[in-house]
Amino acid sequence: MDVSKDITKLCESWWETLADSTKVEQSRFAEQFLDLLGWRDLAPLERKGTWARYAMVSYILRAGSNGIATYFVLPGQLEPPTALMERGLDFCEATRMLVSVARGLHVRYTFITDLHRSYLYDVKTDELLLHADSPRKFAGDFREVMQQTDIEDGALEGIRREPRSHVARHLRDWIQRWRETLVMEHQCSKEAAYQLIDRVLVIRYLFSHGALRRMGWGLQKRYQQLVGLAFSPNAGNCGKDLTGLFHDIWLDWKADLFAASAEVDGVLEQPGVAAPLLRESVLLSHVKFNVATVLESFNYGEPMEKARVRTIPDVDEERETYLAKITPESVDTAEMKVDIVDEGYRAVLHWLDKLVGLYERLETEFDAKTYNPRTMPADMDLFTWSEMDANRPQALADKLRHAVEHGLTVYHATPRQFRTARLLLYLHLISRYGKTKQRFTHFPRVEAALKPRPRTLESDRTRIFHPAEPEEDLDLL
């Protein structure tokens with residue numbers, strides 16, 4: 001029996017009889033399709049909620065430890081996968097909704113098909129693993145992965161995942177397409193286009209990670225409502241509402257990236273900008289929105305700039321010695337200077353983390369010394385306690401803010417270096433607030449850490465007046 005031909009024939013017959021099909025016939029076609037893949041034990045899913053309009057029949061498939069939510073949808077709901085890939089997207093509206101639903105079912109994978117176009121997603125990592133534009137393509141690429149026996153043998157875990165460089169290139173292509181659209185079709189300056197796209201990247205990262213959830217439920221709810229509006233037929237006010245959200249992020253959270261800009265606001269309020277831009281931003285996979293992937297997306301253009309993206313920070317004994325000598329008495333004035341031209345972008349985040357680690361170590365030392373039961377007065381009162389706490393260094397009170405605003409200096413030589421470092425710092429701060437659960441009231445002034453590179457730095461003078469010793473020619477030994 002040629003299973004591939006049987007699958008292709010079944011899919012073609014489904015499309016031929018679709019117009020007159022009943023719910024029972026739809027279920028029969030779906031079950032025959034799964035039967036050809038070896039699935040006999042099916043657990044139907046009840047159609048309910050907003051996703052019911054997408055899926056006509058749904059099942060949970062179980063094979064060993066793997067759970068697969070399987071959705072059969074009516075034609076017209078799924079975009080051709082190849083067309084999505086060309087736009088740099090990972091989801092269409094239907095697949096994004098169904099994968100979100102599957103996440104609540106605690107399954108690892110989601111298979112979505114209209115018996116013509118097919119998608120397979122990893123629910124946990126939010127990755128598009130396989131896709132097919134036709135039944136013939138499904139029979140060739142999917143069949144040996146979706147068969148029950150193959151899944152039990154680990155076929156899904158064996159699917160090759162796209163490397164970070166590939167994912168980052170897709171993100172860069174999407175960003176570049178939108179920047180060109182803004183400049184060419186909406187008379188937007190390049191600087192305003194960069195700023196607008198960076199804002200979209202930050203809010204996509206911010207509200208998908210929930211790092212500031214306790215402080216920003218109101219803003220997060222507004223963002224979610226805006227996303228819903230962007231997908232609705234009546235998205236006319238989306239641009240105005242999005243500029244309002246940007247304004248309040250700036251006002252409430254002091255994020256200078258979102259500072260009022262008449263040009264950015266004007267572009268957003270033009271028809272055909274805010275709704276499709278916001279809509280497409282949520283049709284990108286979560287894997288595109290981590291700091292490492294965003295940094296890798298800047299790996300293009302001039303060779304030296306590409307090298308700055310890839311450069312891994314070296315061990316710097318002089319800096320490490322400097323940090324080791326800092327005490328609670330001197331920590332407020334401690335400063336770490338990073339030169340993007342010489343050290344690359346990763347060094348910015350590396351030394352920021354080093355500074356925060358220093359503050360955490362000194363806080364432990366300060367608390368152990370100040371609040372030592374053996375040395376504390378026996379008649380402690382509120383005033384004495386307040387006086388003791390007033391001696392706490394400012395760096396220990398709000399570590400991330402002090403590190404960015406007072407402890408870190410990042411030298412940049414070009415507008416691109418400024419924009420890239422600024423974006424990475426915002427994403428890194430969001431990530432740190434989310435992981436550490438540190439109290440958040442508003443963003444540090446990121447721009448305070450970013451300074452134009454002087455014509456000559458101390459590192460330049462060192463190279464000029466104290467050049468490195470030439471390496472020995474090993475071939476002569």
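Judged as a side chain to side chain donor-acceptor pair (under 3.5 Å), and not counting sequence neighbours, the contacts of Glu263 are Ser189. Partners of Phe111 according to the ring-ring contact (aromatic ring centres under 6.0 Å, His included) rule, which considers only residues two or more places apart in sequence or in another chain, are Phe138, Phe142. In this view, His428 satisfies the ring-ring contact (aromatic ring centres under 6.0 Å, His included) rule with no residue, not counting sequence neighbours.
Across all their heavy atoms, Pro393 and Pro328 have their closest contact at CG-O, 3.3 Å. Residues Ala230 and Arg279 approach most closely at O-NH1, 2.6 Å, considering heavy atoms.
Between Tyr300 and Phe298, the two ring planes are parallel [angle under 30°; tilted spans 30° to 60°]. Note on ring orientation: taking the six-membered ring where Trp is involved, the planes of Phe443 and Tyr426 are perpendicular (angle over 60°, cut-offs 30° and 60°). Ring geometry for Tyr119 against Tyr121 counts as parallel: the plane angle stays under 30°, on a 0 to 90° scale with 60° as the upper cut.
Salt bridge present: Arg96 and Asp126 bring a charged side-chain N and a carboxylate O closer than 4.0 Å. At a threshold of 4.0 Å, the pair Glu191-Arg419 counts as salt-bridged, since one of the basic side-chain nitrogens sits closer than that to a carboxylate oxygen. Ion pairing between Glu363 and Lys399 holds under the 4.0 Å rule for side-chain N and carboxylate O.
A side-chain contact (heavy atoms from CB on, under 4.5 Å) with Met336 holds for exactly one of Val410, Thr409, Leu323, Leu358; it is Leu323.
Environment of NZ in Lys190: sparse, with no more than 12 heavy atoms of neighbouring residues, nucleotides or ligands closer than 6.0 Å.
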